[in-house]
Amino acid sequence: MSSTDTIAIIGHSFRLPGGIDTSDDLWRALVDDSWSKCSTSAPPSRLSSAFEDKTFGEPGPRGGWLGRAGVEEFDPSFFRISPREAESLRPNTRLALELTWEALERAAILPSSLAGKNVSVTIGMGNDDGGDLRQFAQRGPSAFDHHWGLDAEPSAVAGRVAQFFDFQG
């Protein structure tokens with residue numbers, strides 16, 4: 001890339017703690033310096049009683065929780081995912097599918113117009129060990145079945161997105 005090349009962002013999406021999921025929300029948080037409001041206690045839906053009692057106690061850890069729209073309201077049938085598979089689907093995979101759809105929607109690009117085309121999926125993320133601990137606390141060793149193995153590695157998330165949208169890049 002030379003210094004004369006132009007970069008254009010034609011669509012974006014994100015979920016940040018504190019309910020920040022639009023550019024306006026992000027800008028407001030930056031201008032108002034309201035980042036401290038983004039750290040909250042873990043929502044009860046994220047903690048099983050066994051996990052909460054043994055690991056965190058009351059009222060739960062503080063952190064940058066994404067809230068219900070971040071993970072819990074995921075619609076697996078929209079992404080052709082069975083209810084059984086959805087039980088072990090990692091939050092980062094849920095978010096990647098939803099945010100890819102949302103970014104294309106904001107860019108006014110029909111996802112079907114990219115199907116079968118040379119489209120690359122690149123996602124930067126950390127691991128999700130906390131999700132593994134939560135699954136184990138809730139379901140024991142049965143949490144780690146073949147569905148878990150499908151997206152146990154962060155690198156599998158990009159593949160899951162490419163597979164759903166039929167990106168061939």
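The shown structure was predicted, so the numbers you read here are calculated from the model rather than taken from an experiment. In what follows, residues are counted from 1 in the order of the sequence shown.
A heavy-atom distance below 4.5 Å is not found between the side chains of E85 and P76. Residues F164 and T100 are not in side-chain contact: their nearest non-hydrogen atoms beyond the backbone lie 4.5 Å or more apart.
Remark: D32 engages R28, S34 in a side chain to side chain contact (heavy atoms under 4.5 Å, CB included) (not counting sequence neighbours). S113 pairs by the side-chain hydrogen bond (donor to acceptor under 3.5 Å, both in side chains) definition with nothing, not counting sequence neighbours. Scanning for ring pair (Phe, Tyr, Trp, His ring centres under 6.0 Å) contacts around F167 gives F165, with sequence neighbours left out. For the side chain to side chain contact (heavy atoms under 4.5 Å, CB included) test, residues two or more places apart in sequence or in another chain that qualify with A103 are S13. Residues satisfying the side-chain hydrogen bond (donor to acceptor under 3.5 Å, both in side chains) test with D166, not counting sequence neighbours, are Q168.
Separating the CG atom in L26 from the CG atom in D21 is a distance of 10.5 Å, to the nearest 0.5 Å.
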Under the side-chain contact (heavy atoms from CB on, under 4.5 Å) rule, what do E98 and F79 come out as? Steps first, then yes or no, please. CA-CA 9 Å; E98 287 182 340; F79 294 101; 4.0 Å; yes

Start with the C-alpha distance between R160 and I81, add both sets of side-chain angles, then the distance that settles side-chain contact (heavy atoms from CB on, under 4.5 Å), and finish with yes or no. CA-CA 11 Å; R160 181 48 98 59; I81 296 171; 3.9 Å; yes

Given side-chain hydrogen bond (donor to acceptor under 3.5 Å, both in side chains), test D75 with S77 step by step and report yes or no. CA-CA 6 Å; D75 180 5; S77 63; 2.8 Å; yes

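In terms of heavy-atom proximity, A158 sits nearest to I123 at CA-CD1, 3.9 Å.
Note: the hydrophobic cluster containing I10 also contains V121 (ILVMFWY, side chain heavy atoms under 4.5 Å, direct or indirect links). Hydrophobic cluster membership is shared by V31 and F14, with clusters built from Ile, Leu, Val, Met, Phe, Trp and Tyr side chains linked at under 4.5 angstrom.
For residues 101-112, the set of pairs meeting the side chain to side chain donor-acceptor pair (under 3.5 Å) definition, not counting sequence neighbours, comprises R15-E102, E102-R106.
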